[in-house]
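Since the structure comes first, as C-alpha cells, the remarks are kept for the end.
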Amino acid sequence: MRKKLVVGNWKMHGNRASNAALLAGLREAGPWSADVAVCVPFPYIAETALALTGQAVLFGAQDCSAHEQGAYTGEVSSAMLADLGCRYVIVGHSERRAYHAENDQLVADKAKAALAHGVTPIVCVGETLAERDAGQTESVVKRQLAAVIHTLTHCIGEIVLAYEPVWAIGTGLTASPEQAQAVHAVLRKQLQAATQKADSMRILYGGSVKPDNAVQLFGMPDIDGGLIGGAALKAADFGAICRAAN
Ligand code: 13P
C-alpha cells in the first residue's frame, strides 16, 4: 500500500507576509494521513523551514543545478538544498522545460544530483496538447522517463514521479481520472521493467487539481497523490486536497 503524497508547488508566487499566512493556515488545516510538502521559491526556503518546525509538513525547492558546485552564477546546488533541510526538489517541470530549454538529459542529471545529496527529486513528465492530439502521449512520457531511468540506473526506485499534462497546467482543464490513470499505468509499467521497487513508488498527478476533483483523481489505482499549483496558494483549498488524499 503506497502512502499518498500531496505537494504544493508555489511557483513564483508569494512574499514573506503571504507565505507566513499560508503556512499558518496549513498548520490549522492539518493534520492529514497523507504525506504533505510544499516546494517554495529559493529565497523563502529557510523561513519556511523555520515556520514548519515541529510540523508534519515537509518542504523543498522547485529546481536545482545539475552541477555539484562552482562557477555557475545564479544556480542553486542540491547540496545547498540538503543543507537547508529540503526533503524534495521538483525537476523537469514543464515550465522549466519550456522556458529554460531543459531537455530530458539535463532533467535526469538534476535528479541524479539531488539523490546524491539525499534530496528526493520529484521528476515531472507530460505531453503538450499538440502531442496528445497527435497520439504521442505515451511515447513522449516514456521518452522523458527513459532518460531518467538510464541515468539513475539502480537508484530509479528512489524518485517520485509526477505526470503533469502540459495542457492541464493552470488552464482549469484537468485530465479525467481515467485519462490520468491510463498514463500512470504506462509509467508504472515502465518503472516495473527497471526496478523491483516500482510498486512502492509514488506517481503524482498534476494539472488543475482542485478540492472538487481530487477525490476522484486520487481514487485511481496508480495515482498516488498530487502536485498542486494554483490551489496550493490557498490554505483552505490545499488542506481540502490533502484531506482528499487521506
Ligand atoms: P496547477 O495546479 O495550477 O494547474 O499547476 C500544476 C502544476 O504545474 C504543479 O506543478
Side-chain angles (χ1 to χ4, degrees), residues 4-14 18-19 22 26 34-42 44-45 48 57-64 81 86-100 102 107 110-111 114 119-129 131-132 137 140-141 144-145 148 159-177 179-180 183-184 187 202-218 220 223-245:
K4 295 263 195 289
L5 169 64
V6 180
V7 180
N9 174 9
W10 289 6
K11 306 194 180 183
M12 198 172 72
H13 292 289
S18 68
N19 297 344
L22 179 50
L26 287 189
D35 288 335
V36 173
V38 290
C39 288
V40 310
F42 290 134
Y44 300 126
I45 292 173
T48 298
V57 179
L58 300 163
F59 61 92
Q62 301 168 16
D63 184 34
C64 69
L81 300 182
C86 287
R87 173 68 173 274
Y88 294 107
V89 60
I90 298 169
V91 297
H93 192 281
S94 61
E95 287 151 15
R96 294 215 56 90
R97 292 181 191 258
Y99 309 144
H100 300 272
E102 295 197 3
V107 172
K110 288 182 173 197
V119 181
T120 300
I122 300 172
V123 179
C124 302
V125 300
E127 82 288 4
T128 63
L129 188 57
E131 288 164 340
R132 173 164 282 264
T137 299
V140 168
V141 298
Q144 292 171 330
L145 178 56
V148 185
I159 73 164
V160 169
L161 189 59
Y163 170 55
E164 295 210 316
V166 178
W167 49 272
I169 295 175
T171 57
L173 293 174
T174 317
S176 69
Q179 280 175 320
V183 178
H184 282 231
L187 293 169
R202 294 187 284 196
I203 308 178
L204 313 183
Y205 169 78
S208 298
V209 178
K210 307 282 181 234
D212 61 4
N213 59 24
V215 172
Q216 285 74 24
L217 284 162
F218 298 165
M220 303 309 283
I223 300 183
D224 308 309
L227 185 53
I228 320 299
L233 300 174
K234 293 185 200 120
D237 285 358
F238 189 64
I241 292 170
C242 294
R243 248 189 324 280

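Just follow the structure's listing: the first ligand is 1, and inside any ligand the first atom is 1. The model shown is predicted, which means the values in this text are computed figures rather than measured ones.
Interface of G170 with ligand 1, defined as ligand atoms under 4.0 Å from a residue heavy atom, comprises 1 (P), 3 (O), 4 (O). Residue H93 approaches ligand 1 through these ligand atoms, each under 4.0 Å from one of its heavy atoms: 7 (C), 8 (O), 9 (C), 10 (O).
Among protein heavy atoms, the minimum distance from atom 2 (O) of ligand 1 is reached at G229 N, 2.9 Å. Nearest to atom 3 (O) of ligand 1 among the protein's heavy atoms is G230 N, 2.8 Å.
Not one N or O of G207 is nearer than 3.5 Å to an N or O of ligand 1, by distance alone. Among the atoms of S208, some N or O lies under 3.5 angstrom from an N or O of ligand 1.
The shortest separation from a heavy atom of A168 to ligand 1 is under 4.0 Å, placing the residue in contact.
A salt bridge does not link D35 with K4: every distance from a Lys NZ or Arg NE/NH1/NH2 to an Asp or Glu carboxylate oxygen is 4.0 Å or more. Using a cutoff of 4.0 Å between basic side-chain nitrogens and carboxylate oxygens, R132 and E127 are scored as salt-bridged.
Of all the heavy atoms of N9, the ones lying under 4.0 Å from any atom of ligand 1 belong exclusively to the side chain.
Atom 7 (C) of ligand 1 has its nearest heavy-atom neighbour, among E164, Q62, K210, in E164.
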Assess the residue pair H93 and Q62 against the criterion (side chain to side chain donor-acceptor pair (under 3.5 Å)); give the C-alpha distance rounded to whole Å, side-chain angles, the decisive distance to 0.1 Å, and a yes or no. CA-CA 8 Å; H93 192 281; Q62 301 168 16; over 6 Å; no
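Of the possible donor and acceptor atoms, one in the side chain of S208 sits under 3.5 Å from a partner among the backbone N and O of A168.
The side-chain heavy atoms of F238 and V6, taken from C-beta on, include a pair separated by under 4.5 Å.
Around the CZ atom of R96, the shell of radius 6.0 Å holds more than 12 heavy atoms that belong to other residues, nucleotides or ligands.
Note: D224 CG to L5 CG = 9.0 Å, rounded to the nearest 0.5 Å.
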